[in-house]
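Remarks on the structure that follows.
Chain identifiers are assigned alphabetically (A, B, ...) following the order of the sequence lines, protein sequences preceding nucleic acid strands; residue numbering begins at 1 within each chain. Because only heavy atoms are used, hydrogens play no part in the values below, and waters and symmetry mates are left out as well, while side chains stay in.
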2 protein chains.
Amino acid sequence: MKEKSTSFDIAFRAGVSQSTVSRALRNSPLVNEATREKIQAIAKELNYKVDKNASSLRSQHSDTIALLLFEDPTNDDSAINPFFLSMLGSITRACSNRGYDLLVSFQQASEDWHADYEDSNKADGLILLGYGDYLSYEEKLLKLLDQETHFVRWGAEVKNLPLISVGCDNFQGGKEVADHIINQGRKQIAFLGTASSHAPEFFDRYKGYCHALESHGLIVNDRIQFNALYTEDAGYKAACELIASGEKFDAIFAACDLIAVGALRALQEHNITIPEQVSLVGFDDIAIASFTFPSLTTVKQDTQLAGELLVETLLTMIQGDEAKTTLIAPELVIRKSCGS
Amino acid sequence: MKEKSTSFDIAFRAGVSQSTVSRALRNSPLVNEATREKIQAIAKELNYKVDKNASSLRSQHSDTIALLLFEDPTNDDSAINPFFLSMLGSITRACSNRGYDLLVSFQQASEDWHADYEDSNKADGLILLGYGDYLSYEEKLLKLLDQETHFVRWGAEVKNLPLISVGCDNFQGGKEVADHIINQGRKQIAFLGTASSHAPEFFDRYKGYCHALESHGLIVNDRIQFNALYTEDAGYKAACELIASGEKFDAIFAACDLIAVGALRALQEHNITIPEQVSLVGFDDIAIASFTFPSLTTVKQDTQLAGELLVETLLTMIQGDEAKTTLIAPELVIRKSCGS
DNA sequence: TAATAAAATGTAAGCTCTTACAATGATTTT
DNA sequence: AAAATCATTGTAAGAGCTTACATTTTATTA
């Protein structure tokens with residue numbers, strides 16, 4: 001690299017002190033307008049940019065936030081759930097709109113990700129993203145809390161921890177799905193996902209589904225509930241198990257679109273027609289959902305809004321203000337897979 | 001935040017000088033093993049992390065790279081082409097495998113993105129990503145070159161600029177597509193994309209297509225070539241124009257999958273059957289491609305490899321070694337949309 | 001016109017590390 | 001036993017900025 005100029009070079013050329021340069025470049029009201037313009041002109045001419053490291057070191061904040069995306073360890077490192085990719089996109093935009101830089105990093109929940117970004121002053125705060133088996137890293141969250149690290153999570157609330165998060169109203173979403181299916185006259189609605197707090201989002205969707213069933217006088221049948229986590233493959237397998245079980249079912253509620261897509265494949269391979277014989281509904285509304293055949297009825301989570309909110313909430317915390325957990329309203333998107 | 005400990009605190013507790021702490025924490029061979037272990041233990045106990053800003057400032061490198069993703073300005077800020085999202089994922093992984101942090105940022109080609117990241121020492125180098133109308137920012141690339149900034153681009157080579165890039169062999173990909181379609185007996189193959197150097201990738205695909213046509217004794221017919229850039233909407237519109245033109249065609253080569261998906265929609269709305277009446281082929285192999293109905297024949301670009309290569313190449317340059325431009329082999333993925 | 005207030009600039013400390021260089025003690029060589 | 005070598009540690013100088021505080025200049029008021 002060529003020799004870089006420093007604020008001293010600018011100061012020398014402008015005939016002022018270095019501190020005045022520093023102030024001028026940050027548009028401090030303390031400096032005379034003429035002086036400031038002169039300094040900024042010289043800076044531009046020399047291609048000068050304030051050194052981020054020096055600046056952050058001195059001021060003790062980096063105007064940077066770090067996004068930690070937790071990957072599904074069962075997933076062989078290739079595809080990331082498109083839903084999170086979409087979140088990533090909106091978070092990136094939200095940051096840039098606010099003049100913040102964004103550090104992105106993929107993590108395994110099991111690894112030593114906590115205690116890194118903010119402690120080393122790489123970032124002023126963290127966003128934690130991923131379908132969360134928060135149980136498996138509750139201990140790390142506690143440490144984060146203990147260190148007074150600023151962070152927000154995407155996802156469900158965690159029982160009795162005072163965590164700030166932004167999430168979708170999964171219970172409501174699950175309820176709307178089940179209501180809709182029931183209103184279409186289906187009675188045996190299988191659930192593909194997980195009814196355990198290891199996947200709190202799925203669990204909440206499941207609870208909403210149960211609630212709807214019960215309020216329509218239907219009973220929840222365990223024998224048509226099969227476990228599946230996050231991936232298309234898992235969905236495929238769960239659906240195969242469901243079919244093989246011999247249990248009757250006339251609808252499937254998949255806990256996320258990827259699972260639904262896998263289930264769709266399984267159903268088609270078994271020549272089960274959708275929506276005639278079986279209704280299928282997913283959750284997330286990833287791009288793929290509108291292209292499957294038949295197109296997939298699902299629940300849209302507004303990722304654009306979610307990204308904004310996550311960043312907004314985190315910045316509030318960084319500023320030292322009180323932030324609170326927000327719930328985003330889900331939106332049922334009706335397509336062909338449930339015989340609209 | 002709580003009071004953070006510094007290397008001096010560690011030094012005090014360990015009864016050594018601060019410089020020894022600094023060495024110990026970076027596993028310098030200069031320090032005695034017993035001393036090092038003691039220091040590292042204390043550091044761990046105090047939750048100490050080396051301050052990234054101080055470290056980068058002093059050493060003049062940040063072990064960080066910046067990814068600039070150029071958005072299509074015609075796109076109203078919502079969706080990013082899934083292909084690039086996939087690249088983003090693989091780049092993130094490649095960085096983290098090498099212990100580098102990654103700064104991600106979306107940019108409009110028109111804006112003042114150059115001269116920022118490396119000049120301010122935020123990053124040691126840049127990766128430029130996006131379907132590139134490099135003409136529109138040639139001037140900025142020149143400035144980057146002039147400033148001796150380290151950067152790699154994803155995409156086609158640019159005429160006579162000495163730019164290092166990693167790209168797909170688009171010519172070859174276009175050729176394979178056309179060869180395949182022709183071998184299936186189709187003769188009037190429309191092209192939806194752009195035959196201009198404003199979108200060099202598309203142009204190369206087009207040239208490959210032309211080459212294949214000619215080598216099979218077919219002539220390239222301008223009247224069934226319609227402009228479309230990057231988006232599904234553009235693909236839809238271009239296909240509509242094609243249909244409205246009244247020209248005969250029995251196949252469509254779309255310059256990217258999103259265009260193909262748009263074209264698919266247009267064809268279906270006009271009750272044109274695929275692949276019976278018209279074969280349809282795309283490019284990129286985004287996730288959606290395998291879910292359309294019929295599933296989309298396309299050309300896969302290995303994003304996993306591409307990410308690795310981009311990072312690898314950039315790091316080579318950062319180390320001061322000679323790096324060279326690489327071309328990735330395209331792979332034709334045959335599905336149902338061209339009547340395999 | 002002197003006293004006071006306001007605006008603009010300068011001085012210097014310090015943010016936390018890395019690293020060249022100097023110093024120490026232990027070990028080996030002659 | 002003195003000289004030379006090696007391993008380990010310490011000393012101190014920045015890297016380039018921000019900011020509290022001091023100072024100067026200019027405008028305002030009595």
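Salt bridge B:Glu312/B:Arg98: present, at least one basic N to carboxylate O contact under 4.0 Å. The existence of a salt bridge linking A:Asp9 and A:Lys4 is excluded, since no basic side-chain nitrogen approaches an acidic carboxylate oxygen closer than 4.0 Å. Of the charged side-chain nitrogens involved, none lies within less than 4.0 Å of a carboxylate oxygen, so that A:Glu33 and A:Lys38 do not count as a salt-bridged pair. A salt bridge links B:Asp101 with B:Lys52: the closest approach of a Lys/Arg side-chain nitrogen to an acidic carboxylate oxygen falls below 4.0 angstrom.
Taking 4.0 angstrom as the limit, B:Tyr48 places a side-chain polar atom (N or O) nearer than this to OP1 or OP2 of C:dC17. Under 4.0 angstrom from either OP1 or OP2 of C:dC17 there lies no side-chain N or O belonging to B:Ser22. The side chain of A:Ser7 contributes an N or O atom lying less than 4.0 Å from OP1 or OP2 of D:dC17.
Atom-to-atom, NZ of A:Lys52 to P of D:dC17 comes out at 14 Å; the value is rounded to the nearest Å. Per the geometry, CD1 belonging to A:Ile39 stands 13 Å off P belonging to D:dC17, to the nearest Å. One can place CG of A:Asn121 at 18 Å from P of D:dC17, the figure rounded to the nearest angstrom. Across the protein-nucleic acid pair, A:Phe12 atom CZ and C:dG10 atom P stand 14 Å apart, rounded to whole Å. Rounded to whole Å, atom P of C:dC17 lies 13 Å from atom NZ of B:Lys49. In this structure, B:Asn53 places its CG atom 13 Å from P of D:dC17, rounding to the nearest Å. Between B:Leu25 atom CG and C:dT16 atom C1' the separation is 13 Å, expressed in whole Å. Counting to the nearest Å, the P atom of D:dG16 and the NZ atom of A:Lys4 are 10 Å from each other.
By the side chain to side chain contact (heavy atoms under 4.5 Å, CB included) test, A:Ser22 is found to be paired with A:Gln18, A:Arg26, residues two or more places apart in sequence or in another chain being considered.
Of the candidate nucleotides D:dG16, C:dT16, D:dA13, D:dA13 has the atom lying nearest to any side-chain atom of B:Arg58.
The shortest heavy-atom contact between B:Leu163 and B:Phe151 is CD2-CZ, 3.6 Å. Taking both residues in full, the closest heavy atoms of B:Asn47 and A:Asp119 are given as O-OD2, 4.0 Å, listed atom of the first, atom of the second, then distance.
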What does the B/S/- profile of nucleotides 5-12 of chain D look like, 5' to 3', with a 4.0 Å heavy-atom cutoff to protein? ---BBBBB
